[in-house]
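Data first, discussion second: the structure below is written as structure tokens.
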Amino acid sequence: MDLTDFNSDPSQSIMLFSDTPSCKAEPCMLGIDEAGRGPVLGPMVYGAAYCPVSQVDALKAKGVADSKTLTEEKRENLFEIISDSKDMMGWLLEILSPTVISNNMLKRSKYNLNALSHDSAIALIRKALSLGVNVTEIYVDTVGPPDKYEAKLSNLFPGIKVTVAKKADSIYPIVSAASICAKVARDNALKAWKFAEGDNLNEMEYGSGYPNDPVTKKFLTQSIDPVFGFPQIVRFSWSTAGKILENSAVQVEWEETEDDDDQQETTKSQNIFKFMKSDTKKPVKPKSHNFFTQRNIHQTVEL
């Protein structure tokens with residue numbers, strides 16, 4: 001898989017997919033699972049895998065299993081096997097940026113992680129269909145109540161058999177394959193992460209990304225900027241990150257806007273001559289923060 005686009009701009013989500021194998025004529029099953037739902041660091045990845053229904057025994061023979069039960073090396077090997085089996089199967093991935101996740105969850109109109117997950121799964125199904133994959137069966141690891149999720153997908157994709165179940169990645173091999181694809185993509189995205197906020201962050205260890213990991217907790221407390229908050233790798237909508245912001249970041253108080261009449265009276269009472277005095281000391285120009293230099297933002301007027 002080529003993660004170049006995501007690594008060059010991890011603030012944006014991307015979708016990737018393999019070459020479409022010979023799945024256009026035969027009836028196919030499609031499985032969906034995710035990786036990285038709980039971590040406070042890094043992207044969440046939704047993966048889909050598909051193959052002809054007639055090839056389910058061949059898929060089992062490849063040794064696919066729930067990605068959580070496999071070592072990293074075994075997952076990488078299985079993903080290579082899946083990718084090399086273009087004659088019988090293919091995959092799709094949506095890599096959801098931590099920035100996109102947080103921005104959505106903190107919208108004025110709430111868009112929670114369950115809704116985001118559902119929409120990602122739906123987008124993967126639609127993409128597979130648009131590629132010409134003859135999907136007749138869909139298997140999904142549930143997010144929320146399975147019966148409601150199953151009914152939702154059945155209404156959206158009439159004529160396709162939909163099965164939504166808890167722990168589907170340990171029950172259905174095609175979901176296991178999707179789980180492996182998603183986990184490998186997330187692991188590789190984290191390994192290749194480059195911090196735009198400063199080279200010093202590239203030298204820091206950040207652990208598994210889960211909130212209860214001591215290495216991750218240490219990274220969060222050491223990487224925070226008191227004004228600009230966390231680097232892009234952090235899901236700042238998570239309560240773990242929010243508590244650190246409350247304790248370590250600069251507190252902002254928003255003052256009420258004065259009425260026009262009050263503002264005019266205040267202006268009249270000020271001594272105009274103090275604004276006309278020249279300062280003999282040459283001001284020291286402060287160093288611009290990375291937030292501004294990375295976006296080529298400069299002052300148009302010297303104060």
Side-chain angles (χ1 to χ4, degrees), residues 3 5-14 34-46 94-117 119-120 186-257 284-300 303:
L3 297 175
D5 288 344
F6 180 76
N7 292 334
S8 61
D9 184 8
S11 67
Q12 301 295 320
S13 298
I14 65 166
E34 53 78 24
R37 179 182 172 85
V40 67
L41 301 182
M44 179 172 72
V45 180
Y46 254 79
E94 183 169 28
I95 303 176
L96 297 163
S97 157
T99 303
V100 170
I101 293 171
S102 293
N103 286 346
N104 276 303
M105 292 182 68
L106 294 176
K107 281 182 176 178
R108 186 182 297 273
S109 54
K110 296 298 181 183
Y111 184 49
N112 63 29
L113 198 60
N114 281 5
L116 190 62
S117 298
D119 288 347
S120 184
R186 174 176 155 80
D187 287 348
N188 285 320
L190 277 175
K191 285 179 187 176
W193 192 281
K194 297 297 181 184
F195 290 90
E197 296 83 3
D199 292 336
N200 61 311
L201 291 173
N202 289 314
E203 307 300 322
M204 296 175 64
E205 295 290 334
Y206 44 79
S208 65
Y210 282 87
N212 60 352
D213 184 338
V215 179
T216 298
K217 287 182 179 179
K218 183 179 179 181
F219 172 80
L220 289 171
T221 57
Q222 293 182 344
S223 65
I224 187 172
D225 183 283
V227 175
F228 294 96
F230 292 109
Q232 288 180 338
I233 196 172
V234 178
R235 302 179 191 177
F236 51 86
S237 58
W238 259 233
S239 60
T240 305
K243 290 176 183 176
I244 296 174
L245 281 172
E246 287 179 10
N247 296 329
S248 304
V250 174
Q251 298 297 314
V252 178
E253 294 184 6
W254 300 98
E255 297 181 358
E256 293 184 8
T257 305
V284 178
K285 188 175 182 180
K287 182 180 178 182
S288 184
H289 190 277
N290 284 338
F291 178 88
F292 300 107
T293 57
Q294 290 164 7
R295 293 163 175 78
N296 293 320
I297 299 175
H298 307 281
Q299 285 187 190
T300 57
L303 299 177

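Remember, predicted model here, so these are calculated numbers, not experimental data.
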request  = Verify side-chain contact (heavy atoms from CB on, under 4.5 Å) between M44 and S120, making sure each step is shown before the conclusion.
outcome  = CA-CA 10 Å; M44 179 172 72; S120 184; 6.0 Å; no
inquiry  = Test: side chain to side chain donor-acceptor pair (under 3.5 Å). Region: residues 202-214. Which pairs qualify, not counting sequence neighbours?
reply    = S208-D213
ask   = Looking at side-chain heavy atoms only, is the closest gap between L201 and W193 below 4.5 Å?
value = no
R235 CZ to M105 CE distance, which is reported to the nearest 0.5 Å = 9.0 Å
inquiry  = Do S223 and F195 make a side-chain contact, defined as non-hydrogen atoms from C-beta onward lying under 4.5 Å apart?
reply    = no
ask   = Run the side-chain contact (heavy atoms from CB on, under 4.5 Å) check on N104 and K107 step by step: do they pass?
value = CA-CA 5 Å; N104 276 303; K107 281 182 176 178; 3.2 Å; yes
note = All heavy atoms of L190 vs all of P43, minimum pair found to be CD2-CD, 4.4 Å
remark   = Tightest non-hydrogen contact, residues T216 and G209, listed as OG1-N, 3.0 Å
task = Scan for side chain to side chain donor-acceptor pair (under 3.5 Å) pairs involving residues 5-14, sequence neighbours excluded, and state none if there are none.
result = D9-S11
query = So which heavy atom on F230 is nearest to which on A241, and how close?
reply = CE1-O, 3.4 Å
Steps toward side-chain contact (heavy atoms from CB on, under 4.5 Å) verdict (I224, F236) = CA-CA 11 Å; I224 187 172; F236 51 86; over 6 Å; no
message = Test your reading of the model: is there a side-chain donor-acceptor pair from S97 to the backbone of P10, 3.5 Å cut-off?
response = yes
query = Does the side-chain contact (heavy atoms from CB on, under 4.5 Å) test come out yes or no for L96 and V45, once each step is laid out?
reply = CA-CA 6 Å; L96 297 163; V45 180; over 6 Å; no
